[in-house]
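In what follows, chains are A, B, ... by sequence order, proteins preceding strands, each numbered from 1. Quick caveat: nothing in here was measured; it's all calculated off a predicted structure.
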Number of protein chains: 2
Amino acid sequence: MNEENALSVFSVLSNATRLRILKALVTAGDKGLLAGEIATAVDATPSRASFHLSSMAETGLISSERQSRQIIYSANYERIGELVKYLLEDCCQNSPAVLSCCDIPKAK
Amino acid sequence: MNEENALSVFSVLSNATRLRILKALVTAGDKGLLAGEIATAVDATPSRASFHLSSMAETGLISSERQSRQIIYSANYERIGELVKYLLEDCCQNSPAVLSCCDIPKAK
DNA sequence: ACTATATTTCAATTATTGTTGAAATAAAAG
DNA sequence: CTTTTATTTCAACAATAATTGAAATATAGT
């Protein structure tokens with residue numbers, strides 16, 4: 001992940017609707033959730049949810065697959081991991097101060 | 001860190017100038033950097049740097065201390081750590097898939 | 001007090017994002 | 001081939017955020 005990617009992922013995560021969508025999808029696990037279920041879960045209109053879902057998909061944070069009339073979205077765990085890695089390594093150069101604050105064992 | 005805090009930290013990190021300021025401050029370490037040095041480092045006007053610095057300070061990501069005529073800013077490692085923790089635990093419920101993607105050993 | 005330096009604040013402007021509801025698209029069923 | 005359901009797209013508008021440069025504040029030196 002480069003700086004440009006990280007900026008757009010941070011931007012995606014800086015909106016309450018989108019952050020909640022991500023949480024809902026992570027909670028749902030690999031089976032994912034339908035677009036309509038997501039809209040209901042985060043209390044958004046279908047068009048608003050769709051708008052946010054597409055920006056999330058654009059950054060690689062989630063992906064989608066059509067299943068007949070519906071669309072299943074699911075979280076991309078790797079992408080979230082990459083963001084954490086970017087934060088720890090690129091932004092913070094594995095600063096021990098940061099690592100200890102987030103309960104990450106120092107063995108790398 | 002709660003959702004509201006996380007949203008504002010993500011928002012702070014979603015701007016290139018601010019992300020670079022954070023990197024510069026983390027790189028500078030505990031001694032920090034003067035406001036003017038930061039502006040130069042990230043190629044911003046003093047007023048633009050000051051504007052961004054204050055939103056960063058508001059979210060707790062950095063802190064400042066006046067030293068005679070100048071102001072020294074430094075990164076708050078703990079706050080960054082809290083954000084990573086929020087991402088891993090609250091957003092991702094310590095999903096092993098996420099942890100393995102960011103090279104974090106599984107021992108918790 | 002006066003001047004110089006470092007930084008912040010403010011108001012005006014511009015740019016970017018988010019919301020809404022209506023129309024469009026896609027797929028399935030009658 | 002018309003209707004129904006699920007979702008997306010679009011255009012208009014509203015809300016937020018960023019940039020600029022000038023003025024204000026704070027501190028130190030003369």
Open item on the list: Testing the basics here: between B:Ile62 and B:Tyr73, what is the closest heavy-atom pair and its distance to 0.1 Å?
Closed with: CD1-CD2, 3.6 Å

Open item on the list: Would the distance check show the side chain of B:Arg18 and the main-chain N or O of B:Met56 forming a donor-acceptor pair, the cut-off being under 3.5 Å?
Closed with: no

Open item on the list: Restricting to non-hydrogen atoms, name the atom on A:Leu19 and the atom on B:Leu7 that form the minimum distance, rounded to 0.1 Å.
Closed with: CD2-CD2, 3.8 Å

Open item on the list: What's the separation between atom CG in A:Asp30 and atom CG in A:Leu25, rounded to the nearest 0.5 Å?
Closed with: 11.5 Å

Open item on the list: Assess the residue pair B:Val26 and A:Val98 against the criterion (side-chain contact (heavy atoms from CB on, under 4.5 Å)); give the C-alpha distance rounded to whole Å, side-chain angles, the decisive distance to 0.1 Å, and a yes or no.
Closed with: CA-CA 10 Å; B:Val26 169; A:Val98 174; over 6 Å; no

- [ ] Go through A:Val12 and B:Phe10 one step at a time and tell me if the side-chain contact (heavy atoms from CB on, under 4.5 Å) criterion holds.
- [x] CA-CA 8 Å; A:Val12 154; B:Phe10 284 133; over 6 Å; no

Open item on the list: Need two values: the first and the last nucleotide of DNA chain D, 5' to 3', having an atom under 4.0 Å from any heavy-atom of chain A.
Closed with: D:dT4 to D:dT9

TODO: List in chain and number order the residues that pass side chain to side chain donor-acceptor pair (under 3.5 Å) with B:Asn76, two or more places apart in sequence or in another chain; answer none if no residue qualifies.
DONE: B:Ser63

Task: Close residues, residues 7-19 of chain A, relative to DNA chain C [heavy-atom separation under 4.0 Å] - done: A:Asn15, A:Arg18

- [ ] Just jot down the salt bridge (Lys or Arg N to Asp or Glu O under 4.0 Å) partners of A:Glu3, sequence neighbours excluded, or say none.
- [x] B:Arg20, B:Lys23

Task: B:Asp43, CG: over 12 other non-hydrogen atoms inside 6.0 angstrom - done: no

- [ ] Mind listing the residues from residues 67-76 of chain B sitting with a heavy atom below 4.0 Å of DNA chain C? Number order is fine.
- [x] B:Arg69, B:Gln70, B:Ile71, B:Tyr73

Task: A:Ser50 side-chain N/O to A:Ser47 backbone N/O, donor-acceptor pair under 3.5 Å - done: no

Task: Nearest-Å distance for atom pair CZ/P, residues A:Arg20 and C:dG18 - done: 14 Å

Task: Selection: residues 47-57 of chain A, any non-hydrogen atom under 4.0 Å of DNA chain C - done: A:Ser47, A:Arg48, A:Phe51, A:His52

Open item on the list: Please find the pair of heavy atoms, one from A:Thr59 and one from A:Arg79, that lie closest to each other, and give the distance.
Closed with: O-NE, 2.8 Å

Task: Atom of A:Cys101, atom of B:Gly81 and distance for their closest heavy-atom approach - done: CB-CA, 3.8 Å

